[in-house]
2 protein chains.
Amino acid sequence: MNLSVAEENYIKAIYKLQEGEQAVTTNALAYELETKPASVTDMAKKLKEKKLISYEKYQGITLSPEGRKTALQVVRRHRLWECFLVDKLSFSWEEVHELAEELEHVRSEKLISRLSDFLGNPVIDPHGDPIPDANGRMAKPRPQTSLDQANARRLVVTAVSDQSSALLAFLNAKSIKLGTQLEIIAHYEFDNSIEIKVKHQPAITISEQVAKNIMVRPL
Amino acid sequence: MNLSVAEENYIKAIYKLQEGEQAVTTNALAYELETKPASVTDMAKKLKEKKLISYEKYQGITLSPEGRKTALQVVRRHRLWECFLVDKLSFSWEEVHELAEELEHVRSEKLISRLSDFLGNPVIDPHGDPIPDANGRMAKPRPQTSLDQANARRLVVTAVSDQSSALLAFLNAKSIKLGTQLEIIAHYEFDNSIEIKVKHQPAITISEQVAKNIMVRPL
DNA sequence: GAAATTATTTAAGTTTGTCTAAATAATAAT
DNA sequence: ATTATTATTTAGACAAACTTAAATAATTTC
């Protein structure tokens, strides 16, 4: 099936929002894609026509098996390009998202399989997210929680869910990146801020906002 | 200035057709872009508005200095991606054109400059065409003629102007590629076909059609 | 459970880049 | 120098992916 860039972006966003299996809401999708709910309704009809989603008026959207396959292809392309940009062109992990967002729409099986080979068939991308293989299979995302909900003391940073460059720049300044080990010193109830310490660095206090967007797993 | 993919393709095509300095014709551009003359007229008005071309009704199109700069950027991106595909992903030179056609529209100065560094700042692409540098400067294409007009006996293949994969496949089968040295054995007047010989290979006869699309320079 | 709020859809219109068909200009042919 | 031919432009329409404004459905609240 030949999809437009817009269609691919919808499919990818639905995949991202669907998570478990609950239906994705028109409004949520509009917000994710920075568009208007009315546009989402329009597109939903088209994607249903193409059998990529199931959609009934007022009932929200879920990917069909076909749609899921498509989504995984796009995710695969995105994450492989991110690897390329970081590993080969020395971009830092916070810069690559927007670029990969464009590169991912070059559709060529052969290109992607060669790119994957060239990169040594990586299985996780620079943000720590798993890369689907050519058949759409991938490691299940490791059990991770956001930093504000972590219950262990010693943690590793596994991903940063917010893709805004403001946050990423902040983390960079504090030399917190993928794989950084940190320790929770204190939890301040009144504003839910968290004091953390990275080895060889002074302790810093992080707002709830920031903590929600840093994904960690217990060390 | 922020151009759409379509606009970039027009600018690139005008650049390609302009060669020396004569104005590009509406029909020629329509043919090159596989679209209709009416569409070209429409787009010409828009590009004139943006000061990328000069255009007067019925007088044809020429790039403005601004337009030329844009064209060279697109050409640079295209040719660098071709290098990447051939050098790093082991594509053969006849496969890369279409892919580069898509990759070239990812606009990021930083991406392109890093890609160029990664490739060792190449100055010619896999088809033998020079790659503009970041300022749009490039080696002038070496003096080359099409094979049907060559007057020397011993020649080197420097480029293949037709980008159709049919021709490229044919050349591949005859193991004629960039840098291949060949010798003209005979010129048959009645159909302008040419008999050539590649070292260690049996002599072959090539139609005028094919000869027109093989660029060579004297050895 | 009726009223208020929020979410979703419909209707109508916009922009970009295309198209066809008809009109007009430029060029070539006799 | 007409006429015929070819090239170019205009006019009107269309598809994709948007938008805003209004209408309708679903959900919450009291």
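Chain A is the first sequence line, chain B the second, and so forth, proteins listed ahead of strands; every chain is numbered from 1. What you are looking at is a predicted structure, and each value in this text was computed from that prediction instead of being measured. Only heavy atoms go into these numbers, but all of them, side chains included; no hydrogens, no water, no symmetry mates.
Counting to the nearest Å, the P atom of C/dA11 and the NZ atom of A/Lys45 are 8 Å from each other. Between the CG atom of A/Asn2 and the P atom of D/dA16 there is a distance of 13 Å, given to the nearest Å. At whole-Å resolution of the value, CG in B/Leu47 and C1' in C/dT16 are 13 Å apart. Atom-to-atom, OH of B/Tyr10 to P of C/dT16 comes out at 14 Å; the value is rounded to the nearest Å. Atom CG of A/Asn9 is separated from atom P of D/dA16 by 17 Å (rounded to the nearest Å). B/Leu3 places its CG atom 14 Å from the C1' atom of C/dT16, with the value rounded to the nearest Å. Spacing between atom CG of B/Leu29 and atom C1' of D/dT9 amounts to 15 Å, rounded to whole angstrom units. Atom CD in B/Glu49 sits about 15 Å away from atom C1' in C/dT16, given to the nearest Å.
Under a cutoff of 6.0 Å and an axis angle of 45°, B/Lys88 and A/Phe84 do not form a cation-pi pair.
Dense packing is recorded around NZ of B/Lys50, with more than 12 heavy atoms of other residues, nucleotides or ligands lying under 6.0 Å away.
Both A/Glu7 and A/Lys57 lie close to DNA chain D; mapped to their nearest nucleotides by heavy-atom distance, the more 5′-ward contact belongs to A/Glu7.
B/Gln149 places no side-chain N or O within 3.5 Å of a backbone atom of B/Ser146 that could act as its donor or acceptor partner.
For A/Tyr58, whose side chain is taken as the heavy atoms from C-beta onward, the closest listed nucleotide among D/dC18, C/dT18, D/dA25 is D/dA25. Among the nucleotides D/dA7, C/dT9, C/dT18, the one closest to any side-chain atom of A/Tyr55 is C/dT9.
Residue B/Val157 forms a side-chain contact (heavy atoms from CB on, under 4.5 Å) with just one option from B/Ile214, B/Leu171, B/Leu147, and that option is B/Ile214.
A/Glu208 and A/Lys212 are joined by a salt bridge, as a carboxylate oxygen and a charged side-chain nitrogen come within less than 4.0 angstrom of each other.
Listed by first and then second residue, the side-chain hydrogen bond (donor to acceptor under 3.5 Å, both in side chains) pairs that reach into residues 115-124 of chain A are A/Ser116-A/Asn121, A/Asp117-A/Asn121, sequence neighbours excluded.
In this model, the phosphate group of C/dT6 is not approached by any side-chain N or O of A/Asn27 to a distance below 4.0 Å at OP1 or OP2. Distances shown here put every side-chain N or O of B/Thr25 at or beyond 4.0 Å from the OP1 or OP2 atom of D/dA7.
For residues 34-44 of chain B, proximity to DNA chain D is found at B/Pro37, B/Ala38, B/Thr41, defined as any non-hydrogen atom under 4.0 angstrom from a strand atom.
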Going through the checks in order, is the side-chain hydrogen bond (donor to acceptor under 3.5 Å, both in side chains) test met by B/His105 and B/Asn9? CA-CA 9 Å; B/His105 297 296; B/Asn9 281 332; 3.0 Å; yes
